[in-house]
Amino acid sequence: MSDAYFEEEEFSTQFNGKTIIRILGLTRPYALWIIGFLIAILFTSVLDAYFTFLNKRMVDEGIVVGNRQALVSIASQYGLLILAQAVSVFSFIYLAGVLGERIRYDLRKRMFNHLQDLSISYFNRTPVGWIMSRVTSDSERVADLVTWGLLDVTWAAMNILTASYFMLLINWRLAVIVLFIVPVLIVIAVQFRKRILVEFRLSRKFNSKITGALNENITGVRVIKALGREDTNLAEFQQLTSEMYRHSYRAAWLSALFLPTVQMISAAALGVIVWYGGLQATYGSMSIGGIQAFISYVTFMMWPIQDLARVYAELQHAIASAERMFSLIDAVPDIQDRPAAFDPGTLRGEIEFDHVYFSYDDKLPVLEDFSLKIKPGESIALVGPTGGGKTTIINLLCRFFEPTQGVIRIAGQDYTNYSQHAIQSRIGIVLQTPHLFSGSVRENIRYGRLDASDEEIEAAAAIAGAHEFIIRLSNGYDEPVGEGGNLLSTGQKQLISLARAVLAHPEIFIMDEATSSVDTLTEALIQKGMEALMKDRTSIIIAHRLSTIRRANRILVIDKGRIAEMGSHAELLHQRGHYYRLYTQQFRQQLEEAYDVFQSLSIKAGST
């Protein structure tokens with residue numbers, strides 16, 4: 001939970017309209033919905049203002065002069081307009097709700113699709129919690145701003161405009177005095193805006209850190225409990241939540257202070273109306289109904305301004321969320337297809353690493369002047385010390401990364417000429433830590449080829465050696481595996497992963513430490529499945545358990561980004577070099593016995 005594990009980009013630019021314009025651009029596909037939505041709001045707001053004007057007429061034309069016919073006529077208008085307003089209120093609430101859900105869906109779909117295109121390096125440097133925060137809570141806040149925020153702003157603006165129009169119609173002198181208040185409120189809003197935006201940006205930043213820390217604590221709960229880290233993690237988590245609370249509190253305090261400021265100005269405006277309206281009524285230039293309507297219009301205008309204060313606080317929060325959300329959408333994949341990239345139809349052919357250099361994030365090189373040719377159908381094993389570059393070779397071949405120098409060719413072509421999908425869809429990988437998705441065993445195996453039939457799934461499981469344990473499960477192939485496969489053992493998950501790879505019919509097969517975490521019996525089953533899958537396929541195996549690679553055509557000892565030794569199992573043992581030392585560390589007793597036999601046989605042969 002240290003800050004060092006991820007440095008988030010800072011959003012310190014001054015507030016401007018670019019982010020707002022981009023947020024509003026999300027509504028472009030729903031232009032007709034927006035138009036209908038705005039018309040309904042405008043109609044409702046105009047009716048609200050006109051109701052107050054009708055009240056004035058009731059007082060001046062009906063009650064004061066005692067005209068019953070005028071009262072009935074005005075009341076009839078009032079009733080009809082109430083029905084019309086009910087329709088318009090239903091319309092804009094319905095349109096706002098549907099529009100919000102559609103924008104929320106579009107945003108999350110857009111971000112999820114973009115995540116599929118991002119390179120592995122993005123996920124290496126960005127914690128899961130940060131991504132989840134942007135896809136969920138940030139998109140939620142932006143969608144709310146686009147719909148309910150737009151509703152509140154439009155409603156408030158129209159209320160102010162219609163109130164101003166009717167005030168000018170009733171008494172323009174008094175209206176001008178009241179309207180001088182608006183610039184004062186704008187100046188106040190600008191000053192509050194700057195401070196609220198800063199605090200909300202910091203609040204969102206710590207919220208993302210909290211999400212990331214929470215994700216780490218949940219996924220690493222076994223390690224935390226095993227090492228007794230609960231108290232330390234709690235202290236670190238409390239520090240993060242305290243920082244978020246401090247910035248959220250300041251933002252809330254500033255937002256709350258804005259409302260009383262507006263109310264004080266409103267009270268001052270009402271005081272001016274009562275005083276000046278009274279003078280006007282004394283001279284007969286303003287009616288009682290006019291004074292009453294004027295006070296209503298000032299309240300009608302000031303309450304939207306107070307509501308705008310609330311919306312404005314939410315706007316700052318939404319902008320901070322939108323900046324982070326758009327940063328994910330704007331993230332450019334490190335690995336991109338060339339404009340003329342194509343699908344060759346097959347990857348069957350020679351694989352060549354031609355003087356390849358590679359380093360992660362401009363750090364020390366992992367591979368230096370690495371060259372290797374793999375023949376079609378050949379089985380290659382990579383062994384060597386941790387950090388020597390074995391997994392990097394696999395990552396480069398799968399084009400999760402690309403060489404910083406040198407070329408990788410497949411079937412005689414620079415593999416950057418191929419599309420990423422053409423390469424990755426024809427490579428099957430079984431990793432050291434198998435990952436299963438929530439669902440059944442059948443669904444996880446079918447993930448290798450979505451159009452596979454149940455018979456093909458069971459046949460793949462049989463080849464991988466997984467069928468026997470699957471049919472012993474309570475629900476067989478329909479048994480739930482749990483989140484991440486946590487209802488199964490590591491060996492069972494590995495066998496299902498192998499079955500998934502078998503079902504995909506890959507042209508190139510890769511095993512990355514697939515047997516390092518399983519027992520001897522499961523290892524034997526995996527080896528059997530590997531042999532079936534590797535038949536007539538180019539395959540690359542990374543293993544620390546050297547028993548799994550004896551039958552490889554070639555074994556490469558990778559050390560410090562270079563090939564230290566290369567040959568068959570027997571050839572490398574005969575050389576008594578790196579591989580011999582690695583192998584004898586695991587099988588010292590068996591080898592010593594074997595070599596004693598060989599020595600005694602050679603002595604007997606020499607004596608005869």
Side-chain angles (χ1 to χ4, degrees), residues 109-124 328-361 366-367 369-380 382 389-431 446-452 456 460 500-512 533-542:
K109 180 182 177 182
R110 184 178 176 185
M111 283 189 282
F112 185 83
N113 288 343
H114 187 63
L115 285 169
Q116 311 310 304
D117 296 330
L118 291 176
S119 305
I120 294 294
S121 56
Y122 180 85
F123 299 96
N124 287 345
L328 187 155
I329 293 173
D330 295 338
V332 178
D334 294 332
I335 308 300
Q336 300 186 56
D337 287 337
R338 293 181 177 181
F342 66 98
D343 187 337
T346 180
L347 294 184
R348 297 187 186 277
E350 185 177 71
I351 299 172
E352 180 183 5
F353 288 74
D354 187 4
H355 299 284
V356 169
Y357 290 78
F358 180 77
S359 61
Y360 293 97
D361 300 325
V366 180
L367 295 182
D369 197 23
F370 182 83
S371 295
L372 173 66
K373 289 184 179 181
I374 305 173
K375 297 176 183 178
E378 187 177 14
S379 175
I380 297 293
L382 305 179
K390 302 184 298 297
T391 300
T392 298
I393 294 170
I394 300 302
N395 286 337
L396 290 175
L397 177 60
C398 295
R399 208 177 166 199
F400 297 150
F401 300 89
E402 290 180 350
T404 50
Q405 292 183 44
V407 179
I408 297 177
R409 297 185 184 89
I410 300 179
Q413 281 268 1
D414 182 341
Y415 83 153
T416 59
N417 292 331
Y418 302 147
S419 66
Q420 294 179 67
H421 181 264
I423 296 172
Q424 293 163 1
S425 64
R426 293 181 172 88
I427 296 178
I429 305 178
V430 179
L431 301 172
R446 182 175 274 129
Y447 203 81
R449 183 158 52 88
L450 297 179
D451 60 351
E456 290 175 312
R500 185 165 58 195
V502 170
L503 186 66
H505 297 309
E507 296 180 0
I508 300 172
F509 178 55
I510 296 171
M511 294 280 287
D512 189 355
L533 187 56
M534 289 163 56
K535 186 178 180 181
D536 300 326
R537 286 188 176 91
T538 303
S539 56
I540 301 175
I541 306 167
I542 297 177

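Starting from 1, each residue takes its place in the sequence as its number.
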Interatomic distance, [X] atom [atom1] to [Y] atom [atom2] [nearest 0.5 angstrom]:
X      : Y      : atom1 : atom2 : value
Cys398 : Ile120 : SG    : CD1   : 9.5 Å
Leu397 : Ile540 : CG    : CD1   : 5.0 Å
Glu378 : Ser539 : CD    : OG    : 8.5 Å
Tyr415 : Ile410 : OH    : CD1   : 7.5 Å
Phe112 : Asp117 : CZ    : CG    : 11.0 Å
Leu328 : Arg110 : CG    : CZ    : 10.5 Å

Ignoring hydrogens and geometry, is there a side-chain-to-backbone donor-acceptor pair from [X] to [Y] under 3.5 Å?
X      : Y      : value
Arg500 : Gly448 : no
Arg537 : Pro506 : yes
Glu507 : Leu347 : yes
Arg426 : Gly345 : yes
Ser119 : Pro333 : no
His421 : Asp343 : no

Closest approach of [X] and [Y], non-hydrogen atoms and distance?
X      : Y      : value
Arg449 : Leu503 : NE-O, 3.1 Å
His114 : Ile329 : NE2-O, 3.1 Å
Phe401 : Ser121 : CE2-CB, 3.7 Å
Ala411 : Tyr418 : CB-OH, 4.0 Å
Pro376 : Gly349 : CG-C, 3.5 Å

Does any non-hydrogen side-chain atom of [Y] lie less than 4.5 Å from one of [X]?
X      : Y      : answer
Val430 : Phe509 : yes
Ile351 : Ile380 : no
Leu115 : Phe123 : yes
Thr392 : Tyr360 : yes

*More than 12 heavy atoms of other residues, nucleotides or ligands under 6.0 Å from OH of Tyr447: is that the case?*
no

*Do any pairs count as a salt bridge (Lys or Arg N to Asp or Glu O under 4.0 Å) and have a residue in residues 394-412, sequence neighbours left out, and if so which ones?*
Asp337-Arg399, Glu352-Arg409, Asp354-Arg409, Arg399-Glu402

*Phe370 and Tyr357: ring-ring contact (aromatic ring centres under 6.0 Å, His included), yes or no, with the steps?*
CA-CA 7 Å; Phe370 182 83; Tyr357 290 78; over 10 Å; no

*Counterpart residues, salt bridge (charged side-chain N to carboxylate O under 4.0 Å, His left out), relative to Arg446 (two or more places apart)*: Asp454

